Undergrad: 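First the structure, which I've put down as structure tokens, then a few questions once you've had a look.
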Amino acid sequence: MHDAPNATLGLIVLQSDETIEDDFRHLLPPTVRLHVSRVPSGETVTPETLAAMEGHLTAATALLPRAARFDVIGYGCTSGTAQIGTARIAERVRAGAACAAVTEPVSALIAACRALGLARIAFLSPYVESVSARLRAVLAAAGIDTPTFDSFDEPSEAAVARLPTAAIIERGRTLAARGGVEGLFLSCTNLRTLNAIPELERLTGRPVLSSNQVLAWHMASLAQVPSSHALPGRLGDPDDPLPVGHLNRPS
């Protein structure tokens with residue numbers, strides 16, 4: 001039996017996302033109560049489909065349990081955050097439900113980079129470069145450079161969840177090997193990254209961050225609860241130079 005919940009979190013998931021909910025069940029401590037809602041999202045990923053989510057965010061948030069007292073509500077879209085803007089997302093979410101804090105993968109990534117002392121990171125995206133350009137600009141404005149970039153050039157959201165772990169590891173390793181970076185970021189909440197992170201840290205010798213990993217870590221931090229032991233990589237234990245073990249979940 002688990003202890004009584006020590007935090008209540010809300011998560012706004014894209015209609016097309018098949019990954020983040022399962023990841024969060026692994027990443028958050030069992031004493032955290034998690035409520036999930038869905039926001040309409042496009043089958044293809046473009047700046048226009050990402051921006052269109054803004055108009056649905058308040059209604060999606062309002063579908064979370066009304067009686068719950070939320071410590072943090074997270075919006076689970078990295079590229080959508082960059083397109084809409086962190087302030088607008090917080091405004092739209094707070095219009096739908098009362099909460100102590102709002103976050104998303106962009107603010108979470110910036111916080112994680114600062115926690116680990118990273119200012120130059122390699123950036124691997126599943127999407128076409130035009131979608132990632134806005135996110136790279138937002139990171140640059142926050143003092144985080146992305147001098148090396150690669151993508152799978154995948155326009156279909158459904159295909160992103162089916163990119164194999166082996167391909168993510170190989171692309172990430174090759175990208176980090178170009179040099180001049182202090183870490184590696186695997187973008188997109190629908191990308192299955194949790195099993196790739198420990199192996200990429202072993203191969204590259206650098207911290208590896210991903211959208212779901214940093215968002216779960218940031219939400220737990222804002223709620224002032226300890227991160228789960230299942231949080232993979234250097235972010236889970238900044239004082240440990242070695243990555244944590246392989247997660248027992250399908251690739």
Side-chain angles (χ1 to χ4, degrees), residues 1-42 49-112 115 157 161 188-190 192 194 210-231 235-236 247 249:
M1 179 179 293
H2 296 320
D3 295 333
N6 58 7
T8 299
L9 307 181
L11 182 64
I12 310 301
V13 177
L14 272 59
Q15 180 181 359
S16 53
D17 195 313
E18 301 177 57
T19 303
I20 190 171
E21 284 184 82
D22 189 37
D23 281 0
F24 263 50
R25 303 297 176 187
H26 287 276
L27 292 169
L28 291 172
T31 53
V32 167
R33 177 170 287 159
L34 178 68
H35 297 291
V36 178
S37 183
R38 293 253 169 182
V39 63
S41 59
T49 59
L50 292 169
M53 275 188 283
E54 180 183 354
H56 301 286
L57 269 175
T58 297
T61 306
L63 291 174
L64 291 168
R66 294 179 181 176
R69 296 177 179 271
F70 289 100
D71 296 283
V72 186
I73 295 177
Y75 165 58
C77 186
T78 318
S79 298
T81 297
Q83 195 67 40
I84 298 167
T86 59
R88 291 290 290 170
I89 287 169
E91 178 184 329
R92 295 295 189 184
V93 168
R94 290 184 186 279
C99 57
V102 177
T103 188
E104 14 61 29
V106 175
S107 294
L109 174 61
I110 293 169
E157 189 66 73
C188 180
T189 60
N190 204 16
R192 300 188 187 277
L194 298 194
S210 76
S211 293
N212 292 348
Q213 173 214 36
V214 298
L215 182 57
W217 168 82
H218 198 222
M219 290 176 68
S221 298
L222 290 170
Q224 299 183 341
V225 298
S227 296
S228 169
H229 67 279
L231 191 73
L235 188 63
L247 291 173
R249 56 161 292 176

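Residue numbers run from 1 in the order of the sequence given. Because the structure is a prediction, the values reported are computed rather than measured.
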Undergrad: Let's go through T8 and R69 carefully: what are the C-alpha distance in whole Å and the side-chain angles of both, what is the deciding distance for side chain to side chain contact (heavy atoms under 4.5 Å, CB included) to 0.1 Å, and is it a yes or a no?
TA: CA-CA 7 Å; T8 299; R69 296 177 179 271; 5.9 Å; no

Undergrad: To the nearest 0.5 angstrom, please state how far the CG atom of L63 sits from the CD1 atom of I12.
TA: 8.5 Å

Undergrad: How far does CD of Q213 sit from NE2 of H218, to the nearest 0.5 angstrom?
TA: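 One finds 13.0 Å between CD of Q213 and NE2 of H218.
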
Undergrad: Step by step, work out the side chain to side chain contact (heavy atoms under 4.5 Å, CB included) result for R38 and E21.
TA: CA-CA 11 Å; R38 293 253 169 182; E21 284 184 82; 2.3 Å; yes

Undergrad: Measure across S41 and S16 and return the closest heavy-atom pair with its distance rounded to 0.1 Å.
TA: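 Result for this residue pair: OG-OG, 3.0 Å.
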
Undergrad: Compare every heavy atom of L64 with every heavy atom of G10, then report the nearest pair and how far apart it is.
TA: CA-CD1, 4.3 Å

Undergrad: For T58 and R92, indicate whether the former's side chain and the latter's backbone hold a donor-acceptor pair under 3.5 Å.
TA: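 Judged by distance alone, yes, a pair lies under 3.5 Å.
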
Undergrad: Could you grab the distance from atom OG1 of T81 to atom CD1 of I89, nearest 0.5 Å is fine?
TA: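 Going from the OG1 atom of T81 to the CD1 atom of I89 covers 3.5 Å.
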
Undergrad: Just how far is it from atom CG of L57 to atom CZ of R88, taken to the nearest 0.5 Å?
TA: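 The CG atom of L57 sits 10.0 Å away from the CZ atom of R88.
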
Undergrad: What is the minimum heavy-atom distance between N190 and T19, and which atoms define it?
TA: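 Looks like O-OG1, 2.8 Å.
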
Undergrad: Where do A223 and V72 come nearest, in terms of heavy atoms and distance?
TA: N-CG2, 3.8 Å

Undergrad: Looking only at heavy atoms, what is the nearest atom pair of A82 and V106, with distance?
TA: N-CG2, 4.1 Å

Undergrad: Evaluate the criterion side chain to side chain contact (heavy atoms under 4.5 Å, CB included) for residue pair L215 and I20; output intermediate values, then yes/no.
TA: CA-CA 10 Å; L215 182 57; I20 190 171; 4.1 Å; yes

Undergrad: Is a donor from one side chain sitting under 3.5 angstrom from an acceptor on the other, for S211 and T78?
TA: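 There is such a pair (donor and acceptor under 3.5 Å, judged by atom type) between the side chains of S211 and T78.
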
Undergrad: Looking at side-chain heavy atoms only, is the closest gap between T31 and V225 below 4.5 Å?
TA: no

Undergrad: Hey, could you give me the CD/CD distance between E157 and E18, rounded to the nearest 0.5 Å?
TA: 9.0 Å

Undergrad: Run the numbers on L109 and W217 for side chain to side chain contact (heavy atoms under 4.5 Å, CB included), then give the verdict.
TA: CA-CA 10 Å; L109 174 61; W217 168 82; over 6 Å; no

Undergrad: Take a 6.0 Å sphere around CD of Q224 and say whether it holds more than 12 heavy atoms from other residues, nucleotides or ligands.
TA: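 No.
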
Undergrad: To check you understand the geometry: which heavy-atom pair defines the closest contact between F24 and L11, and what is its length?
TA: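 Taking F24 first and L11 second, the nearest heavy atoms are CD2-CD2, 3.9 Å.
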
Undergrad: If you measure from OH on Y75 to OG1 on T189, what distance do you get to the nearest 0.5 Å?
TA: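 Answer rounded to 0.5 Å: 8.5 Å.
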
Undergrad: Looking at D71 and L9, would you say the former's side chain and the latter's main chain have a donor-acceptor pair under 3.5 Å?
TA: no

